[in-house]
Amino acid sequence: MSRYNHSNPSTFLLMGIPGLGATHFWIAFPFCAMYLVALLGNFTLLFVIKMELSLHLPMYYFLCMLAGIDLVLTTSTVPKILSIFWFHSHEIGFECCVVQMFFIHSFSAMESGVLLAMAFDRYVAICRPLRYTAILTNAIITKIGSAVFVRGIGLMTPLTCMVSRLPYCGPRVISHSYCEHMAMVKLACGDTTPSYVYGITAATFVVGSDSIFIAISYILILRAVLSLSSRDARLKSFSTCGSHVCVILVFYTLGLFSFYTQRWGRNIPTHIHILLADLYLLVPPMLNPIIYGMKTKQIRDQVLRPFYPKRFQAGL
């Protein structure tokens, strides 16, 4: 029996994308480009919203939360992925691996919570416009943000403790690009049932409850929009929600595929699953600032103003 039996290994080895090792070097270039776009886009979003007083509104506060979460998600994983692909730095300390897993799953839960908060914001703005500022006060926004943060940390702390206390033996190679919960649990030689059940339950609770409430919000929004007599008003309302719907679809589609494939997708090639799991941490953070920047005139104008000063001075 391996010397790692009934103990924690000092290190794990991350494989990257199994079966695509020969192309790791080239895959890293688009990954790096997406990471840089995500960093630039989200930092720009935070800067513009902070500096522009007209954007100090509930919708943009939630957008700041989303940008901050995306920065944490990408920065806690992508640099290590790139070091694996470019420099063959497969080794990661056990404690670092557990911490990375905690950040990935807790901040993914937070992102889901922020998307729910943004759906509620759109519901109030469209269905209760006269009470918008009275309902979504700064105090309420702070409480919503705190609840999202506490829920993410609270749900994933027990899971992290379970994983860190499991005995590991035999191979210490994780068939993944980062330290994902089930990828780590598969290496344990003890009873993994509590960790497995808790992980499924927590993920189902977060995704299930959030997606249900998001769907309810948009059903109510759709009903309110369709009752408007003005065609222009209907188009404006749909446009307001369009960017949010795009973000939701990208986040949940990639997230759900990655999560459930890791557990039951035995017929899906491993490299497809891992590649999409990597994109789950890259594509939403990259697209979020682009989608909101293109859809939101106030943000778009603030970003473009330094490049076209004469145009904005002329009021064009």
Side-chain angles (χ1 to χ4, degrees), residues 36-75 107 110-150 152 214 217-218 221 224-225 230 232-233 235-248 251 284-316:
L36 293 176
V37 171
L39 289 180
L40 178 63
N42 285 292
F43 274 123
T44 300
L45 211 56
L46 290 171
F47 178 77
V48 168
I49 293 173
K50 176 179 172 56
M51 298 304 295
E52 180 57 41
L53 294 179
S54 66
L55 298 179
H56 291 187
L57 298 169
M59 171 182 164
Y60 301 106
Y61 290 145
F62 290 131
L63 192 52
C64 283
M65 295 180 197
L66 189 67
I69 290 169
D70 284 341
L71 287 171
V72 173
L73 273 175
T74 53
T75 304
F107 278 81
M110 290 180 206
E111 180 149 350
S112 180
V114 171
L115 291 177
L116 172 59
M118 293 173 75
F120 176 67
D121 170 83
R122 291 300 84 205
Y123 162 75
V124 176
I126 293 174
C127 299
R128 300 287 186 271
L130 299 180
R131 299 196 60 210
Y132 182 74
T133 54
I135 294 174
L136 287 173
T137 62
N138 287 342
I140 293 297
I141 293 169
T142 301
K143 289 178 182 178
I144 291 174
S146 300
V148 167
F149 180 80
V150 170
I214 288 172
S217 297
Y218 275 96
I221 289 171
V225 170
S230 170
D232 290 340
L235 291 176
K236 183 178 179 181
S237 297
F238 281 128
S239 177
T240 302
C241 298
S243 55
H244 187 206
V245 172
C246 290
V247 170
I248 291 171
F251 176 77
M286 178 190 69
L287 289 182
N288 289 349
I290 294 174
I291 290 173
Y292 282 106
M294 291 175 62
K295 281 287 189 178
T296 308
K297 184 180 184 299
Q298 297 95 317
I299 294 176
R300 186 172 64 248
D301 287 350
Q302 291 302 316
V303 172
L304 295 177
R305 189 183 299 273
F307 302 100
Y308 303 99
K310 293 182 179 179
R311 174 183 174 185
F312 285 95
Q313 286 174 3
L316 297 177

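Model, not experiment: these values are computed from the prediction.
- Minimum interatomic distance between I126 and P129 (heavy atoms only, all atoms of both residues): O-CD, 3.6 Å.
- Side-chain contact between M65 and V148 is absent, with no heavy atoms from C-beta onward closer than 4.5 Å.
- Distance check, rounded to the nearest 0.5 Å: SG of C64 to CG of N42 gives 10.0 Å.
- For the pair L63/L55, no side-chain contact is recorded, criterion being any heavy-atom separation below 4.5 Å from C-beta on.
- Between the CG atom of L39 and the OG1 atom of T44 there is a distance of 10.0 Å, given to the nearest 0.5 Å.
- Rounding to the nearest 0.5 Å gives a distance of 12.5 Å between CD1 of I49 and CZ of F62.
- Looking at heavy atoms from C-beta onward, F107 lies out of side-chain contact with D70 at the 4.5 angstrom threshold.
- The CD1 atom of I248 sits 5.5 Å away from atom CG of L115, with the distance rounded to the nearest 0.5 Å.
- The CD atom of E52 sits 10.0 Å away from the CG atom of L57 when rounded to the nearest 0.5 Å.
- Heavy-atom minimum distance, I291 versus C246: CD1-CB, 4.0 Å.
- The shortest distance between side-chain heavy atoms of L45 and L66 does not fall below 4.5 Å.
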Next on the checklist: Could you walk me through whether I135 and F120 satisfy the side-chain contact (heavy atoms from CB on, under 4.5 Å) test, starting with their C-alpha distance in whole Å, then the side-chain angles of each, then the deciding distance to 0.1 Å, before giving a yes or no?
Outcome noted: CA-CA 11 Å; I135 294 174; F120 176 67; 4.3 Å; yes
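- Taking 4.5 Å as the limit, some side-chain heavy atom of N288 sits within range of a side-chain heavy atom of E111.
- Judged by distance alone, with hydrogens and angles left aside, the side-chain atoms of T137 form no donor-acceptor pair with the main-chain N or O of A134 at under 3.5 Å.
- Evaluation of the ring-ring contact (aromatic ring centres under 6.0 Å, His included) rule for Y60 yields no partner, not counting sequence neighbours.
- Under the ring-ring contact (aromatic ring centres under 6.0 Å, His included) criterion, Y218 pairs with H244, sequence neighbours left out.
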